[in-house]
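Everything quoted here is computed from the prediction, not taken from an experiment. Lettering follows sequence order; numbering is per chain, from 1.
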There are 2 protein chains.
Amino acid sequence: MRATKQRSAIVDALDSARGFRSAQQLHDELKRAGASVGLTTVYRTLQAMAESGRVDALRRDDGETIYRRCGSDEHHHHLVCRDCGTSVELANDEVEAWAEGAARRHGFTQVTHTAELYGFCRDCSSSRSS
Amino acid sequence: MRATKQRSAIVDALDSARGFRSAQQLHDELKRAGASVGLTTVYRTLQAMAESGRVDALRRDDGETIYRRCGSDEHHHHLVCRDCGTSVELANDEVEAWAEGAARRHGFTQVTHTAELYGFCRDCSSSRSS
DNA sequence: GTTAGTGCAAATGATTTGCAAACAG
DNA sequence: CTGTTTGCAAATCATTTGCACTAAC
């Protein structure tokens with residue numbers, strides 16, 4: 001993968017973001033910041049980075065896929081703010097244990113799971129209540 | 001909501017299905033079974049039933065939304081077969097407790113969660129190994 | 001120079017909506 | 001009858017792809 005200015009712009013934007021962003025959001029932010037990066041490139045870059053594990057991708061209930069620069073390579077879950085996208089990584093054993101137990105009890109194999117939490121972070125919930 | 005033959009056909013198809021089905025799948029099955037129901041109607045009916053809680057909807061990672069006739073009105077999760085769509089309902093407290101605890105620890109409010117398990121059921125994993 | 005990367009425009013695929021015709025109560 | 005419901009076709013929306021063009025190495 002070559003080093004290009006649009007790729008570093010995308011990575012920078014993701015880094016400075018406090019959490020998850022959709023491809024469209026990132027594209028907007030880049031454009032607003034004056035960087036000239038095509039939406040296509042944003043999609044392609046995020047997709048490539050997600051495949052190679054350098055970002056975390058997850059699909060929201062409304063169908064948009066959101067991405068975030070991910071700290072650990074370990075399997076983990078997220079607590080994502082619906083408003084600002086801030087996220088907290090949750091390394092958790094209870095969920096894995098639950099998943100494995102349920103799979104075994106019902107005779108399922110090769111079980112994977114998705115588990116994400118969505119809410120309003122401290123900052124966003126206080127600004128909403130005003 | 002009026003009783004129409006297309007609606008009962010959709011409900012019947014969902015009932016006889018062993019698990020989750022997408023709108024497109026249901027439409028195909030209905031057409032194959034000789035029923036004449038428009039894809040639009042399948043979408044509208046499933047959406048209406050999901051809103052009123054009569055079916056359970058969840059979005060797969062590939063973006064398709066799948067539906068299933070749901071036994072309980074209670075909040076619960078699913079163990080879904082990737083191959084045949086069969087699903088098991090899981091009423092579980094561990095996940096809820098984990099979600100609430102994580103939310104509280106990080107100051108998030110109005111937290112909802114998604115947690116679904118995907119794998120191969122006993123039947124499908126044995127037929128795959130052959 | 002090659003080859004990978006970019007971006008526009010057109011294509012996709014799931015889902016939604018406009019609207020006139022068909023139907024339930 | 002009169003308001004719902006239906007279903008086709010066209011519209012959306014996020015995302016992907018074809019392809020000529022540009023930049024990296």
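- Residue contacts shown for A/Ser22 are absent, as no nucleic acid heavy atom lies under 4.0 Å away.
- In this structure, SG on A/Cys81 lies 12.0 Å from CZ on A/Arg122, to the nearest 0.5 angstrom.
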Step-by-step side-chain contact (heavy atoms from CB on, under 4.5 Å) determination, B/Tyr67 to B/Met49
CA-CA 10 Å; B/Tyr67 302 87; B/Met49 291 179 78; over 6 Å; no
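- Distances shown here put a side-chain N or O of A/Gln47 below 4.0 Å from the OP1 or OP2 atom of D/dT16.
- In this structure, OH of B/Tyr43 is placed 16 Å from P of D/dT6, rounded to the nearest angstrom.
- Note: A/Glu116 CD to A/Asp61 CG = 11.0 Å, rounded to the nearest 0.5 Å.
- Within the model, atoms CG of B/Leu90 and CG of B/Asp93 stand 12.0 Å from one another, a figure rounded to the nearest 0.5 Å.
- Between A/His77 and A/His113, the ring-plane angle classifies as tilted under the 30° and 60° cut-offs.
- Taking the 5' to 3' direction, DNA chain C first and last meets chain A under 4.0 angstrom from a heavy atom at C/dT3 to C/dA9.
- For the residue pair A/Ser52 / A/Arg54, a side-chain donor-acceptor distance below 3.5 Å is found, with atom types taken as modelled.
- The bend of the helix from C/dG1-D/dC25 to C/dG25-D/dC1, defined by the angle between the axes of its first five and last five pairs, stands at 30° to the nearest 10°.
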Tell me which donor-acceptor pairs under 3.5 Å the side chains of residues 100-108 of chain B have, and how far apart each pair is, sequence neighbours excluded?
none

Quick one: do B/Phe20 and B/Gln25 satisfy side-chain contact (heavy atoms from CB on, under 4.5 Å)? Show the steps, please.
CA-CA 10 Å; B/Phe20 281 91; B/Gln25 273 177 325; over 6 Å; no
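- The distance from atom CG of B/Leu46 to atom P of D/dT5 is 15 Å, rounded to the nearest whole Å.
- Within a 6.0 Å radius of CG in B/Asp15, more than 12 heavy atoms belonging to other residues, nucleotides or ligands are found.
- Side-chain atoms of B/Gln110 and A/Arg82, non-hydrogen and from C-beta on, never get closer than 4.5 Å to each other.
- Within 4.0 Å (heavy atoms only), B/Arg7 reaches sugar-phosphate atoms of the nucleic acid but no base atom.
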B/S/- along nucleotides 20-25 of chain D (protein heavy atoms under 4.0 Å) is ---BBS
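- Contacts between residues 23-36 of chain B and DNA chain D, defined by a heavy-atom separation under 4.0 Å, are made by B/Ser36.
- Annotation: side-chain hydrogen bond (donor to acceptor under 3.5 Å, both in side chains) contacts involving residues 36-49 of chain B, sequence neighbours excluded, comprise B/Gln24-B/Tyr43.
- Atom pair B/Leu39:CG and D/dT6:P shows a separation of 13 Å (rounding to whole Å applied).
- With a 4.5 Å cut-off on side-chain heavy atoms, B/Arg21 and B/Arg68 do not count as touching.
- Here the straight-line distance linking atom NZ of A/Lys31 with atom CD of A/Glu29 works out to 12.0 Å at 0.5 Å rounding.
- Positionally, the nearest nucleotide of DNA chain D for B/Val37 lies more toward the 5' end than for the other of A/Asp62 and B/Val37.
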